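Below you'll find the structure, written out as structure tokens, and then a few comments.
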2 protein chains.
Amino acid sequence: MRASVPITVDGLKSACSQCNLVELCLPFGMSDRELSRLDELVGARRKVKRQHNLYRAGDSFEAIYAIRAGSFKTDVLLEDGREQVTGFQMTGEILGLDGISTEAHSCNAVALEDSEVCVIAYDKLEQMSHEIEGLQLQFHKVMSREIVRDHGVMMLLGSMRAEERLAAFLLNMSQRFTARGFSPSEFNLRMTREEIGSYLGLKLETVSRAFSRFQEDGLIAVQQKHVHLLDLAGLKRLIQHQHGAR
Amino acid sequence: MRASVPITVDGLKSACSQCNLVELCLPFGMSDRELSRLDELVGARRKVKRQHNLYRAGDSFEAIYAIRAGSFKTDVLLEDGREQVTGFQMTGEILGLDGISTEAHSCNAVALEDSEVCVIAYDKLEQMSHEIEGLQLQFHKVMSREIVRDHGVMMLLGSMRAEERLAAFLLNMSQRFTARGFSPSEFNLRMTREEIGSYLGLKLETVSRAFSRFQEDGLIAVQQKHVHLLDLAGLKRLIQHQHGAR
DNA sequence: CGTATCCTTGATAAGATTCAAAGTGGGTGG
DNA sequence: CCACCCACTTTGAATCTTATCAAGGATACG
């Protein structure tokens, strides 16, 4: 019974089989039997306060993390201080995959609000992938999805102009909120204009101006972090039909 | 004995254990015993002529490919015809990882010159990963490396200016040629200015001007596709110390 | 309720694109 | 074998987009 699951705190055991994020998360598509075995895999939960790091670039890689509650950004820093936000992550999404390659994390993961993650020890995941049929495939799909997502961001950064980028960003957020059972057209952004700008390869002023422009054009209503998408079709049109782009 | 390996043609069996790319490719770090088992995995080779597709966006996903000879680009196309090159791949590198997530490829892979790939059936890879200790880890590392690489490209596209991007691109090429036993400072590019531009989020004219500028400044000598890096340190400085960047 | 952070807007400047034209080189077919 | 052709590259000038600098305004939080 869902109600009987105790409220977990740091260090307490989680249970994928009891988690309502199962549809979005690593266990997606696995059988009930496989799912119950998966509960062994998720060692503990960990809370991360707003603005605090889940991990930093250079940290040795031990585990990947499934977001149970809250949201994060990942970024990389250049020596001269420039920041590039490489992604925003929401509940059910997986963090830390970058660390596998060199056994050290290559980016920073920062909570955008008070959040909680499920800790998945990587060596256990490796081992259990040998045993559970569906887990290996599912994990590969998660990694592959990350690669595809990154290609989408490259498209955005490499060949769209400012307003197209913001439209694509808003539509992507909308779609992800929808998948989580929230409104497709109304939500609160957890990140600042500067973070959006970094992600989109724009300065914060440019982001702000694009928001204002969309509002003037009746595409959205925006007040600070609260966004209401009034014309989804119009935003989509913007991405596909804008000319003169690079 | 290396000399006894027959010259392979389409459909003929390959052998990782006999391949001189083993250091760069999927089998990296695997034991001799594991390596010999891997030979079962690589089903056949396939030749791809210059300008021809290895696969296209939408093709159903069956296999990943290790580049045995030649080089490729991957790109995604927007409905309005805009192209974004998402990567250039050289010998030993793996193509097709984007397909796992949806069981269909999400980008196009095009040979930049007459090339040859080893075909690795994905279902076999899955199966064999269960059996061979090192294979699963190595495959995960390959995927993770791709994610890290993509983050680097995002950094480049999102927070560097034109000349920094080209410098980063040239240094990356140099490093990859070096890893393959070629000169770090002198090589032939296989792609056009337009393809470089698409990859770097720039127009071909901008790429050309940046090449000319580097030449004026004595950083490189360039003639068409032939590039000679004269001042590697200078190129590196350009990336890290340039100010006023976004 | 004050204060720091974040956001908006305006004016100006810098950087990249666009349009145009000429130059280069490689490959092919006569 | 050579000449022609086509694709690619270079360069210039004008334009456009976005960044930069600056100032004022809103909001959230302690």
Side-chain angles (χ1 to χ4, degrees), chain A residues 49-51 73 81-85 110 112-114 156-167 169 188-217 220-227 238 242-246, chain B residues 49-51 73 81-85 110 112-114 156-167 169 188-217 220-227 238 242-246:
Chain A
K49 282 224 165 301
R50 186 175 126 87
Q51 302 283 36
K73 69 169 177 182
R82 278 179 278 179
E83 177 197 31
Q84 173 70 35
V85 172
V110 182
L112 295 174
E113 57 194 309
D114 292 355
L156 191 142
L157 291 171
S159 47
M160 290 183 180
R161 47 188 49 204
E163 291 184 5
E164 292 178 287
R165 294 184 202 187
L166 186 63
F169 169 74
N188 281 296
L189 298 171
R190 290 286 135 82
M191 62 296 282
T192 66
R193 300 287 188 265
E194 185 166 22
E195 286 164 335
I196 296 171
S198 171
Y199 180 62
L200 299 179
L202 303 168
K203 294 271 93 168
L204 69 96
E205 294 95 328
T206 307
V207 174
S208 180
R209 278 185 245 270
F211 268 118
S212 301
R213 178 74 196 283
F214 286 174
Q215 180 146 255
E216 280 168 38
D217 296 350
I220 68 173
V222 57
Q223 189 165 33
Q224 303 287 127
K225 296 211 157 57
H226 185 83
V227 176
L238 215 97
Q242 195 152 335
H243 287 291
R246 123 182 42 181
Chain B
K49 282 222 165 304
R50 185 176 126 88
Q51 304 282 38
K73 69 169 176 181
R82 278 179 279 179
E83 177 197 31
Q84 174 69 34
V85 172
V110 182
L112 295 175
E113 58 194 309
D114 292 355
L156 190 143
L157 291 171
S159 48
M160 290 185 181
R161 48 188 52 207
E163 291 183 7
E164 293 177 286
R165 293 184 201 187
L166 186 63
F169 169 74
N188 281 294
L189 299 171
R190 291 286 136 82
M191 63 295 283
T192 67
R193 300 287 188 264
E194 185 166 22
E195 286 163 336
I196 297 171
S198 171
Y199 181 63
L200 298 178
L202 303 168
K203 294 271 95 170
L204 70 96
E205 294 95 328
T206 308
V207 174
S208 179
R209 278 185 245 271
F211 269 118
S212 301
R213 178 72 197 283
F214 286 174
Q215 180 147 256
E216 281 169 36
D217 295 352
I220 67 172
V222 58
Q223 188 165 33
Q224 304 286 128
K225 296 214 157 53
H226 185 83
V227 177
L238 210 83
Q242 195 150 337
H243 286 293
R246 109 182 52 177

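Note that the coordinates shown come from a computational prediction; the quantities given were computed from them, not determined experimentally. To find a chain, count down the sequence lines: A is the first, B the second, and so on, and within it residues start at 1.
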Just wondering, are more than 12 heavy atoms of other shown residues or ligands nearer than 6.0 Å to CD in Glu194(A)?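 Not more than 12 within 6.0 Å, no.
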Whole angstroms only, please: what is the [atom1]-[atom2] distance between [X] and [N]?
X: His226(A); N: dA26(D); atom1: NE2; atom2: C1'; answer: 17 Å
X: Gln215(A); N: dA26(D); atom1: CD; atom2: C1'; answer: 14 Å
X: Arg82(B); N: dT18(C); atom1: CZ; atom2: P; answer: 10 Å
X: Glu163(A); N: dT17(D); atom1: CD; atom2: C1'; answer: 10 Å
X: Met160(A); N: dT17(D); atom1: CE; atom2: P; answer: 17 Å
X: Glu113(A); N: dA28(D); atom1: CD; atom2: C1'; answer: 16 Å
X: Arg161(B); N: dT17(C); atom1: CZ; atom2: C1'; answer: 16 Å
X: Leu166(A); N: dT18(D); atom1: CG; atom2: C1'; answer: 14 Å

Can you tell me how far the [atom1] atom of [X] sits from the [atom2] atom of [Y], to the nearest 0.5 Å?
X: Leu166(B); Y: Ile220(B); atom1: CG; atom2: CD1; answer: 6.5 Å
X: Phe169(B); Y: Leu202(B); atom1: CZ; atom2: CG; answer: 11.0 Å
X: Lys73(A); Y: Glu195(A); atom1: NZ; atom2: CD; answer: 4.0 Å

Between [X] (side chain only) and [Y] (backbone N and O only), is there a donor and an acceptor less than 3.5 Å apart?
X: Ser159(B); Y: Gln84(A); value: no
X: Arg165(B); Y: Leu200(B); value: yes
X: Ser208(A); Y: Leu204(A); value: no

Five pairs per end, C1' atoms only: what is the angle between the end axes of the helix from dC1(C)-dG30(D) to dG30(C)-dC1(D), to 10 degrees?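 One end axis against the other gives 50°.
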What is the per-nucleotide protein-contact pattern of nucleotides 6-12 of chain D, from the 5' end, where B denotes a base atom under 4.0 Å from a protein heavy atom, S denotes such proximity for sugar-phosphate atoms only, and - denotes neither? --SSBBB
Residues in side-chain hydrogen bond (donor to acceptor under 3.5 Å, both in side chains) with Arg50(A), at least two apart?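 side-chain hydrogen bond (donor to acceptor under 3.5 Å, both in side chains) list for Arg50(A), sorted by chain: empty.
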Name of the residue among Lys225(B), His226(B), Gln224(B), Glu113(B) meeting side-chain hydrogen bond (donor to acceptor under 3.5 Å, both in side chains) with Asn188(B):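 Exactly one candidate clears the test, His226(B).
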